[in-house]
Amino acid sequence: MDASLGPTPWALVVGAPFTHRSWRELLYALVAFPVGVFGFAFVVVSLFFGICLSVVVVGLVLLAFSTLVVHHLGALNRHLVRRFLDEDVPPPPPFQPRPGVVNWVRSGVVDRAGWRARAYLVLKFPVALASLIAVIALRIVSLWFVLAPAQWAANVGTKDLKGDAGFHHYVINFGSFYFDTWQRTLLLVAIGLVGWWLAPWVLRAILYLDRHLLADLLGPTSLPSRVHQLERTRAGAVDEASARLRRLERDLHDGAQAELVGLAMKLGLAQEKLAKAQQQHDSPEVAQARRLVDDAHDRADTALRQLRDLARGIHPLELEQGLQPALATLAARSPLPAKATVTLTERPSPAIEEIVYFCAAELVVNAAKHSGGSAVSLQLAQDGDLLRLTVADDGVGGALIAGSGLSGLVERLSTVDGELKVASPLGGPTVLTVELPVRS
Amino acid sequence: VSATPALRVVVAEDSAVIRAGIVEILIDRGYEVPAAVGDAASLIQAVAEHHPDLALIDVRMPPSHTEEGLRAALALRESQPDLPVLVFSQYVETRLLAELLGRNGPRGAAGVGYLLKDRVGNVAEFIDALSRVAAGGTALDPEVIDELIGAGGRAKTLDQLTPREREVLCLMAEGRSNVAIASQLVVSQRAIEKHISSIFLKLDLPPSDTDHRRVLAVLEYLRS
């Protein structure tokens, strides 16, 4: 055969049962069977005891613990499928218990991926059984059929029947059809050959079902879990960005800012020396040098101030001690009389603190610029997993999100699913509310 | 302002560049620097060892780079209330001020200074502040004062002050003496005294010795 043409379709169909793939499927069926039996038994037993004992708390603990085990069994099944069937099913969200014993048990009992894995392990049992039958029983029977003429000739395990319809010396009967002549045993050989050839196809069909079960029940599948995963990676990205900015601020502080302060100090000393020199001996050169150094000192000062503002924009140092002192400092610095009230039960994640701080700063500046009011109040409160920042002024109202600096805030908030609400009727007062999660 | 010779200053600053610069300036001005350290623990040790006349402390130091310096300053003030401390910080924070000044009541403001770090580049102002604190006075960074004056969050009592009285109070808050205030505002010392008694009156401060009321007025100003 011309190799470039590849095997003919005929060769493919006939040869299919004898390909590498078929052998691996066979191996899989053999290996997966005991795993399937164990998984099934484990789920049934753990559910039985877990539910029976759940009246005493032990049952719930048992269920939670079994969730851990079924996660591993699921992973084992995915591994087998990957190893033998080349089917790569991504894992579901890992078991992530919340801290604390009670929360751990609760997470374990309600874990969605765990229950899906249990469903798989239960359904896997009949499938594994069917696979094993397809692999072993079908082949054994086929082999037996193929050997039927020999058996018939050697009279091993043959049966005799004397009845109304006459005498039969036969190997097997299908109802009233007796394989009792050597021609008929040849028919058995044909059936056996077909059966031997068919066995891998049957197995493949069963494994098709198995793969679907596995992908549906042991994979990440559903949209909510995908969304959950995306939320997690986004939160990671937000936190990572915020951490990188903090490092940048630290580097600026330790590097450029320190160098500039050092430079300003040297220039300051030089200024003084030159002033003294001028007193002792005035000359145009000394006067000029003095002007130059004065100018250089001014520039170093300006650069320092700019750098300080820049660093503050990157990461406000005020936040190191938390939002309470940071917002209090913000209020104290506000051009419009401001009062900050902060009631938090826990410290939000750094990225969230930053967003809250920048929102508060922007809103306070906005109130001072546009409201025409006489005072502004800043309130930060926690409501479960939600932070609510309220900035209210007694100004003329009519504030809009569009076209103002506020649209930047909205964008920034949207990275953590936060939102900005504006209540600003003409004539005031204006109340801006920012809501965002405690953790990104 | 001329420096008192042989005044001994311990310096705590984690940035080697700035530390070296400060030591250079201090030595140039005739101060003695028995120790210049880079973290809070070494500072406490150096003060115990050298008994300096003043401790110059950066707020942000290792290991956490948040406010180790401030904690150390407060601890030093706790154990040695008479030790003048000049603290410098990267930014203006009212809470730090309140902690530093408010700890031991009105006395807490004596011998305390709070400067922005950038200020050390301005040698004259820096040395001026340092010598005032060393002499038991108060020195607050002009920018700190600016921010507080410019901010709207003042108590009503301060609204009753005239612009001139505010100016005087602002200079008092910086820790200046009457003479210094008079020369800065180019008025007679007598006029300044009149302003100050008017401030005391408006802030409703009980009559007691002038220094005490002076500090109270400044605190009122800072806290409001």
### Heavy-atom neighbours of B:Q45 CD exceed 12 at 6.0 Å
no

## Note on the structure
In this structure, CD1 of B:I25 is separated from CD of A:E272 (nearest 0.5 Å) by 8.0 Å

### Query
Would you say A:M265 and B:I18 make side-chain contact, with heavy atoms under 4.5 Å?
yes

### Task
Identify the heavy atoms of A:R308 and B:L116 that sit nearest to each other, and give their distance.
NH1-CD1, 3.5 Å

### Task
Would you mind checking which part of B:A124 comes under 4.5 Å of any heavy atom in chain A, side chain (CB onward), backbone (N, CA, C, O), both or neither?
both

### Query
Do you know which two heavy atoms are closest between B:D28 and A:L269, and how far apart they sit?
OD2-CD2, 3.5 Å

### Task
Heavy-atom pairs under 4.5 Å with chain B are the metric here; pick the option from A:K339, A:H297, A:R305 that has the most.
A:H297

### Query
Does the side chain of B:K117 reach to within under 4.5 Å of the side chain of A:Q257, using non-hydrogen atoms?
no

### Message
Please evaluate residues B:E24 and A:K273 with respect to the criterion salt bridge (charged side-chain N to carboxylate O under 4.0 Å, His left out), reporting the C-alpha separation (whole Å), side-chain torsions for both, the decisive distance (0.1 Å), and the verdict.
### Response
CA-CA 13 Å; B:E24 187 180 3; A:K273 301 290 167 204; over 6 Å; no

### Task
Report, as yes or no, whether the 6.0 Å neighbourhood of atom CZ on A:R347 holds more than 12 heavy atoms from other residues, nucleotides or ligands.
yes

### Message
Is A:K266 close to chain B through its backbone or its side chain, or both, or neither, when contacts mean heavy atoms under 4.5 Å?
### Response
side chain

